[in-house]
**Student:** 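Dropping a structure here in structure tokens format, bear with me for questions.
What's counted below: heavy atoms across the whole structure, side chains too, no hydrogens, waters or symmetry copies.
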Amino acid sequence: MTQPHNRKAALLSASAILLGNILFALTLKLFVMPSGLIMGGATGVALAVNRAFGLSVSGVLLVFNVSMLILGWLVLGRTFAISTLASTFLSPVALEFWERLLGDYVLTDDLLLCTVFAGLGIGVSLGMVIRAGASTGGMDIPPLVLNKLCRLPVSVSMFFFDLLILLTQAMSTPADQILYGILVVLISTTVLDKVIMVGTTRTEVKIISSKADEIRAAILSQIDRGVTILQGRGAWSGQDKEVLMCAFKQRQIVAMKRMVKEIDPDAFLIVCDAHDVMGEGFREYQQNDL
């Protein structure tokens, strides 16, 4: 990979981390804080402290994030701490900026609208940060620390911490806001997964045919994609068979099916989504893939 390409990739990653944190803070200011929705993670801690003691959400978030950064540095090492450094400061600073700029401005009082757009905003913003190869820090760190020191599964301790944070807020929150808060989590998680995978999803096809050589030649010439030949054997017939495997862009699926049908109407096709394809002809390996 060339040096200019490295600089471009680093610039794009930095821009995504910056914009992701700015969007996350704006989502909190416009939809989460005015509506009283509950959240997990470090933001949930800051919201709980704010509602209990009236302290600034951005200030509490900054103190908490810095504390977790120091903990991560001491236990998990410098490399991990550096990956969380940007989000540790960017999200609280951006939130403070939006609080000063927008003041008491309320975009909407509709709880359902706040829920939907909070879920969308959180999912998109965190997806941008994670896709850029950065950690969101905060409550991501204690589960990793416990995993290293006590061998506790990260998923178990993360679920426990989030549940504890949500229950703390739920004790002083109306039932409808609790239910809408759960909906925020569901929406944001779904959107987060989609954002992380957007642009990388491809289609994989496996083809079993008595005319494998003709289909292979057609794929190479007409679809302009590489083909891997796998060796298979029919369980019922016991005959050796060639299985063609090919990955390609989703928009090429119709042309692929039509071409195979024209060559061999009896061909057996398996078509499925490949969530990420890296290598020649597709996307290059990125630093956060390694």
**Student:** Using residues 20-48 as the side-chain source, report each donor-acceptor pair under 3.5 Å to any protein atom, sequence neighbours left out, with the distance given to one decimal.
**Tutor:**
unit_1, atom_1, unit_2, atom_2, d
N21, ND2, I17, O, 2.8
N21, ND2, S87, OG, 3.4
T27, OG1, L23, O, 2.9
K29, NZ, G103, O, 2.5
S35, OG, F31, O, 2.5
S35, OG, V32, O, 3.2

**Student:** Run the side chain to side chain contact (heavy atoms under 4.5 Å, CB included) test on R233 and Q239 for me, step by step, so that the C-alpha distance in whole Å, both residues' side-chain angles and the decisive distance to 0.1 Å come before the verdict.
**Tutor:** CA-CA 5 Å; R233 177 179 295 176; Q239 296 180 351; over 6 Å; no
**Student:** Linking I/L/V/M/F/W/Y whenever their side-chain heavy atoms sit closer than 4.5 Å, directly or via other members, would L269 and V227 fall into one cluster?
**Tutor:** yes
**Student:** Taking it one step at a time, do L146 and F161 satisfy side chain to side chain contact (heavy atoms under 4.5 Å, CB included)?
**Tutor:** CA-CA 12 Å; L146 288 175; F161 281 123; 3.7 Å; yes
**Student:** Decide if atom CZ of F117 counts as having more than 12 heavy atoms of other residues, nucleotides or ligands within a radius under 6.0 Å.
**Tutor:** no
**Student:** Kindly give the heavy-atom pair with the smallest separation between M68 and P142, and that separation in Å.
**Tutor:** SD-CG, 3.5 Å
**Student:** Kindly work out whether a path of hydrophobic side-chain contacts (I/L/V/M/F/W/Y, heavy atoms less than 4.5 Å apart) joins L111 to I182.
**Tutor:**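 Different hydrophobic clusters.
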**Student:** Distance from T173 atom OG1 to L179 atom CG, nearest 0.5 Å?
**Tutor:** 11.5 Å
**Student:** Working to the nearest 0.5 angstrom, can you tell me the gap between T228 OG1 and K206 NZ?
**Tutor:** 10.5 Å
**Student:** Can you tell me how far the SG atom of C246 sits from the CE atom of M256, to the nearest 0.5 Å?
**Tutor:**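 Going from SG on C246 over to CE on M256, the span is 4.0 Å.
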**Student:** Mind jotting down which residue pairs meet the salt bridge (Lys or Arg N to Asp or Glu O under 4.0 Å) criterion with at least one end in residues 259-272? Sequence neighbours excluded, please.
**Tutor:**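 Non-adjacent pairs meeting salt bridge (Lys or Arg N to Asp or Glu O under 4.0 Å): zero.
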**Student:** Check whether V191 and V116 end up in the same hydrophobic cluster, where Ile, Leu, Val, Met, Phe, Trp and Tyr are linked by side-chain heavy atoms less than 4.5 Å apart.
**Tutor:** yes
**Student:** Is there a donor-acceptor pair closer than 3.5 Å between any side-chain N or O of T189 and the backbone N or O of L186?
**Tutor:** no
**Student:** Treat each ILVMFWY residue as a node, draw an edge where side-chain heavy atoms are under 4.5 Å apart, and state whether I165 and V145 are in one component.
**Tutor:**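 Shared cluster, yes.
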**Student:** Return the minimal non-hydrogen interatomic distance between M128 and A16, and the atom names on each side.
**Tutor:** CE-O, 3.8 Å
**Student:** With salt bridge (charged side-chain N to carboxylate O under 4.0 Å, His left out) as the test, would you mind laying out the steps for E214 and R216 before giving the verdict?
**Tutor:** CA-CA 5 Å; E214 294 180 47; R216 174 182 55 79; over 6 Å; no
**Student:** Give, for atom OG of S125 and atom CG of L192, the distance between the pair rounded to the nearest 0.5 Å.
**Tutor:**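 Spacing of OG (S125) from CG (L192) equals 9.0 Å.
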**Student:** Would you say that W73 contacts I70 through its side chain, given a criterion of any heavy-atom pair below 4.5 Å between the two side chains?
**Tutor:** no
**Student:** So which atom in N50 and which in L55 form the shortest heavy-atom distance, rounded to 0.1 Å?
**Tutor:**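 Closest pair (atom of N50, atom of L55, distance): ND2-O, 2.7 Å.
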**Student:** Given the rule that I, L, V, M, F, W and Y join up when any side-chain heavy atoms are under 4.5 Å apart, are L126 and L166 in one cluster?
**Tutor:**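 Different clusters: L126 never reaches L166 through Ile, Leu, Val, Met, Phe, Trp or Tyr contacts under 4.5 Å.
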**Student:** Are the side chains of L112 and Y180 in contact, using a 4.5 Å heavy-atom criterion?
**Tutor:** yes
**Student:** Would K241 and S210 count as a side chain to side chain contact (heavy atoms under 4.5 Å, CB included) if you check the C-alpha gap in whole Å, the side-chain angles of each, and the deciding distance to 0.1 Å?
**Tutor:** CA-CA 8 Å; K241 297 176 180 291; S210 59; over 6 Å; no
**Student:** For N65 and S91, work out which heavy atoms get closest and say how close.
**Tutor:** ND2-OG, 3.9 Å
**Student:** List, by chain and number, the other hydrophobic cluster members for V243, where Ile, Leu, Val, Met, Phe, Trp and Tyr join if side-chain heavy atoms come within less than 4.5 Å, directly or indirectly.
**Tutor:**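 Traced through the cluster, V243 reaches I208, L230, M245, F268, I270.
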**Student:** How long is the straight-line distance from OG of S209 back to CD1 of I263, given to the nearest 0.5 Å?
**Tutor:**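 OG of S209 is found 8.0 Å from CD1 of I263.
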**Student:** Set out, in order, the CA-CA distance, both residues' side-chain angles and the distance that settles side chain to side chain contact (heavy atoms under 4.5 Å, CB included) for V49 and F64, then state yes or no.
**Tutor:** CA-CA 11 Å; V49 173; F64 185 84; over 6 Å; no
**Student:** Could you check whether any side-chain heavy atom of F53 comes within less than 4.5 Å of a side-chain heavy atom of V60, counting everything from C-beta outward?
**Tutor:**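 In short, these two side chains do not touch, never coming nearer than 4.5 Å.
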**Student:** Could you tell me the separation between the SG atom of C114 and the CG atom of L107, rounded to the nearest 0.5 Å?
**Tutor:** 7.5 Å
**Student:** Could you check whether any side-chain heavy atom of V57 comes within less than 4.5 Å of a side-chain heavy atom of E99, counting everything from C-beta outward?
**Tutor:** yes
